[in-house]
Amino acid sequence: MSYFDAASSAPLHPVARQALQASLDEGWADPARLYREGRRARMLLDAAREAAADAVGCRADELVFTSSGTRAVHSGVAGALAGRRRAGRHLIVSAVEHSSVLHSAAAHEAGGGTVTEVPVDRAGAVDAQAYAAALREDTALACLQSANHEVGTEQPVPEVAAACRAAGVPLLVDAAQSLAWGPVGGDWSLLTGSAHKWGGPAGVGLLVVRKGVRFAAQGPADERESGRAAGFENIPAVVAAAASLRAVRAEAAAEGARLRELTERIRARVPALVPDVEVVGDPVRRLPHLVTFSCLYVDGESLLHELDRAGFSVSSGSSCTSSTLTPSHVLRAMGVLSEGNVRVSLPAGTEAAEVERFLDVLPGAVGEVREKLGAPVAAQRRTEGASLVVDALGKRCPLPVIELAKVIGDVPVGGTVTVLADDEAARLDIPAWCEMRGQEYVGERPADHGSAYVVRRLS
């Protein structure tokens, strides 16, 4: 089995396993106690904090360990907003932040605060000038991920951090996906990370708050971790997290170059092997181990099952794999195709032969899914001169797009096809199909049920 979902959770690094096993015998006592066992536990905790701080590029007393990366984000956002309440209650986020950041923003808005969501381009990156323009006198905090978790695009953190610093606004960086590959550049104020993303054990996050940043920890007071992370420290897991971060950093240059060559191979060859595919994300400014593409006329969940049966574990941002049947907020913000979406994120040590086998298997897997979806229940049609109406109400992705593709040739050049659909993904996938196939997306119109999407045939 080839595990290609390191962006969700990386396999436990051998150094993490060794450190975890060794510290189980030494780090079980309360590090706040003064007797021998407590002092031994405190030494392990302090050494882990020093190692993690060195990897992040901060002071040891600026870093605390939390119970997860999500908890680090929630605590960081809430504490920074509370610490700057006098400045205002305005929060800035990008449209492609991790759900932990967006959930924190939603909670802030529900509590009476205001939120500005900065859009991204088709590659998934924010424009630094547009981000700077969103800063206001009452902005209390700005948030920007260092690299996107779904498409791998790196964000212009140094430029945004400079604009925030000039405006006197702290910037929180979610660095969960990028910390394995190097420290985050720029004059940021707060930073979060998650150990299981870099090969450490699950259940360990880190939160960095630079000296001088106003911060008021929320929730009941707790004396541990500078009052910023309540609860007894899981010292063996913390030690393993810090040890693995140091280890992957030592390997990052060589392993990053090797994995980038493999993901470049996927980026270049998938469109040649599989027709009607869109590779998404920035081709240059991206994480070295991650590549994402979307396949027209494919049910994402079925494709993932086909690849799983072939021995490949991958993930997807497709609406077809979601219980809500809504497309990924990242793909929606980018305005790219969401159906048949596949994210390949290679763990350290992935062999070129595994990638080659994936490329051999993929065309057949996509073809199998497309064949199964190639004969759906015929859509009801009615012709009106040079126009055609396709009733795809009640059909889920990718069926509305499949029905559109079937009939576009039935209208003359200059004619239109109106697709009636109530699947949220159609709002994203029909315009993306038009761009990929050289047709004109006229726009969306209200309908009695769902929406009407109008496409004009150009060729």
Holding to side-chain contact (heavy atoms from CB on, under 4.5 Å), I want the full list of residues that pass it with Thr418, two or more places apart in sequence or in another chain.
Val389, Leu420, Ala452, Val454
Kindly write out the residues that satisfy side-chain contact (heavy atoms from CB on, under 4.5 Å) with Ala87, not counting sequence neighbours, or none if the list is empty.
Arg84
Under the salt bridge (Lys or Arg N to Asp or Glu O under 4.0 Å) test, which residues partner [X], sequence neighbours left out?
| X | result |
| --- | --- |
| Glu261 | Arg265 |
| Arg269 | Glu356 |
| Glu444 | Arg427 |
| Arg136 | Asp138 |

Looking at Arg332, I want to see if its CZ is surrounded by more than 12 non-hydrogen atoms of other residues, nucleotides or ligands under 6.0 Å.
yes
More than 12 foreign heavy atoms under 6.0 Å from CD of Gln218: is that the case here?
yes
Report, one line per pair, each donor and acceptor closer than 3.5 Å where one atom sits in a side chain of residues 6-17; sequence neighbours left out.
unit_1: Ser8; atom_1: OG; unit_2: Asp5; atom_2: OD1; d: 3.0
unit_1: Ser8; atom_1: OG; unit_2: Asp5; atom_2: OD2; d: 2.9
unit_1: Ser8; atom_1: OG; unit_2: Arg343; atom_2: NH2; d: 2.7
unit_1: Ser9; atom_1: OG; unit_2: His196; atom_2: ND1; d: 3.1
unit_1: His13; atom_1: ND1; unit_2: Val15; atom_2: N; d: 3.0
unit_1: His13; atom_1: NE2; unit_2: Glu251; atom_2: OE1; d: 3.3
unit_1: His13; atom_1: NE2; unit_2: Glu251; atom_2: OE2; d: 3.2

N/O donor-acceptor pairs under 3.5 Å from side chains in residues 153-171, not counting sequence neighbours:
unit_1: Thr153; atom_1: OG1; unit_2: Ala123; atom_2: O; d: 2.6
unit_1: Thr153; atom_1: OG1; unit_2: Asp282; atom_2: N; d: 3.0
unit_1: Gln155; atom_1: OE1; unit_2: Val126; atom_2: N; d: 3.0
unit_1: Gln155; atom_1: NE2; unit_2: Gly124; atom_2: O; d: 2.9
unit_1: Arg165; atom_1: NE; unit_2: Asp187; atom_2: OD2; d: 2.9
unit_1: Arg165; atom_1: NH2; unit_2: Asp187; atom_2: O; d: 3.4
unit_1: Arg165; atom_1: NH2; unit_2: Asp187; atom_2: OD1; d: 3.3

So the side chain to side chain donor-acceptor pair (under 3.5 Å) pairs with at least one residue in residues 172-183 (sequence neighbours excluded) are Ser146-Ser178
Qualifying ring pair (Phe, Tyr, Trp, His ring centres under 6.0 Å) pairs with a residue from residues 438-459, counting only residues at least two apart or across chains:
none
Taking ring pair (Phe, Tyr, Trp, His ring centres under 6.0 Å) as the definition, give me every residue that meets it alongside Phe4, ordered by chain and number, with sequence neighbours left out.
Phe312, Phe358
Using distance only, find each side-chain donor-acceptor pair of residues 104-113 under 3.5 Å and give its atom names and separation, not counting sequence neighbours.
unit_1: Ser104; atom_1: OG; unit_2: Ser100; atom_2: O; d: 3.0
unit_1: His108; atom_1: NE2; unit_2: Arg89; atom_2: O; d: 2.7

